[in-house]
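Before any comments, here is the structure.
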Number of protein chains: 2
Amino acid sequence: MDIRTLCLGILTLRDATGYEIKKVFEDELSHFYEASFGSIYPALNRMTDDGWIIGKAEAQDGRPDKKVYSITSAGRMAFMDALDKKPRKDRIRSEFLAMMMFSDLMTPSRIAHLIDERLKGLATKIAELEDCPDDRGNGEVSRFLRGFGHAMYVAEQNYLEENRHLVEAQALMAHAAAD
Amino acid sequence: MDIRTLCLGILTLRDATGYEIKKVFEDELSHFYEASFGSIYPALNRMTDDGWIIGKAEAQDGRPDKKVYSITSAGRMAFMDALDKKPRKDRIRSEFLAMMMFSDLMTPSRIAHLIDERLKGLATKIAELEDCPDDRGNGEVSRFLRGFGHAMYVAEQNYLEENRHLVEAQALMAHAAAD
DNA sequence: AGAGTCATGTAACGCGTTACATGATTGT
DNA sequence: ACAATCATGTAACGCGTTACATGACTCT
């Protein structure tokens, strides 16, 4: 499931412009997927060539034309095929954790700072998810997805608070040994 | 922190061949990073050109030469610089969750199957982490990293068990509506 | 007999990011 | 004044995967 296919999926939910699709990525998928304009617009053009979607240009006053895309029946079939394949395993890349691996090369204060920043970011995301009042999107499912993100962030928060001493102690020892 | 830099980091911990570095990725980093031979070997060659590491060829009987790499002081400095930069945000790409977003396009049994498979995979990973008897790697830190993976997998497991009904109910309704 | 481990590498290719280019409107 | 929002796109580039190529040894 590359970005192209995901854009197609979003168009099964509602018609949208490239700009709006980007917002769906930010608002509803940001916890487990992301995409830039540089990948969305070419994806849309290519799928138009493939006959999977069609875009209607809408003139606007002052702004450039808006292209509202709709999925075609061929596109719907293509997306159904994608849903039949088994999902490949998650790809995760956490620089934060990679850096933690080398905590004995950092000063204790540097490590503490990295963890504090991480916790700050987590707190922000958790607050965002909790303050989200309206369940837009398709109700139950988007609650499920938001809840998923929330559960992961909270679990990480708890783990870091309870176990940061493991890396911080290591750094202290390495630091003391260097003296 | 690209794969190249991470390989460099691993060489601050111990001398290693490309093959052994791959194993470090699999054994210690698999929860939050991965790399293929096709990225590791070129990384090693390029860092050799840069003077960050040096490889000593060791002849072996029957097998091709083994190249054991060590980090140079220039390489160590380069890695320290990388550790000073602030980590960029995690990149996550979960096809499983992306598919869940479209649960109303799948049959209830398909969704149940996807979730069951996901839970099976989680159980396997959790068991692996719990059955890991020896704390190899640098003690505290690798316990921290393993514990992190464990905490995340368990949190996901709990969330899925408690909330799968949200997506499964949605699929049932969509399915009933289609009749 | 076949799978798995040890061992290194290259080539093609695709995917996606980043930066650039443009520009009006609206809110602070 | 300045940032943000709306709106679309291209070009260059890098990163990394996948598949291919080679080959012996060991365990089941």
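Naming convention: chains lettered A, B, ... in sequence-line order (proteins, then strands); numbering from 1 in each chain.
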Between A/Y159 and B/H150, does the ring centroid distance fall short of 6.0 Å?
no
Can you tell me how far C1' of D/dT5 sits from NZ of A/K22, to the nearest Å?
12 Å
Check this for me: does any side-chain nitrogen of one of A/R14 and A/E28 sit under 4.0 Å from a carboxylate oxygen of the other?
yes
Please, what dot-bracket string fits DNA chain D when only Watson-Crick and G-U pairs with both distances under 3.5 Å count, crossing ones use [ ] and pairs to another strand use |?
||||||||||||||||||||||||||||
Does a side-chain N or O of A/T17 approach OP1 or OP2 of D/dA7 to a distance below 4.0 Å, or not?
no
Report the distance from atom CZ of B/F37 to atom C1' of C/dT5, rounded to the nearest whole Å.
10 Å
Below 4.0 Å: OP1/OP2 of D/dG9 and any side-chain N or O of A/K67:
yes
Classify A/E20 by what it touches in the nucleic acid, base, sugar-phosphate, or nothing, heavy-atom distance under 4.0 Å.
nothing
Do NZ/NE/NH1/NH2 and the carboxylate oxygens of A/K125 and A/E128 come within less than 4.0 Å?
no
Applying a 4.0 Å non-hydrogen cut-off, can you work out what B/G38 is touching in the nucleic acid: base, sugar-phosphate, or nothing?
base
Rounded to whole angstroms, how far apart are CD on B/E95 and P on C/dC15?
12 Å
Under-4.0 Å side-chain N/O to phosphate OP1/OP2 contact, A/R93 with D/dG16:
yes
So that I know where these two stand, are A/F79 and B/F102 an aromatic pair - ring centroids less than 6.0 Å apart?
yes
Could you verify whether a donor N or O on one side chain and an acceptor N or O on the other, from B/T5 and B/D2, lie under 3.5 Å apart?
yes
Nearest heavy-atom pair of B/F144 and A/N163: which atoms, and what distance?
CD1-O, 3.5 Å
Distance check needed: C/dT8 P versus B/K56 NZ, whole Å only.
16 Å
For atom CD1 of A/I92 and atom P of D/dG16, their distance in whole Å
16 Å
Does a salt bridge link B/K23 with B/E26, judged by any charged N lying under 4.0 Å from a carboxylate O?
no
Check the distance between C/dT8's P and B/Y41's OH and give it to me in whole angstrom.
4 Å
In whole angstrom, what separates A/K23's NZ from D/dA4's C1'?
12 Å
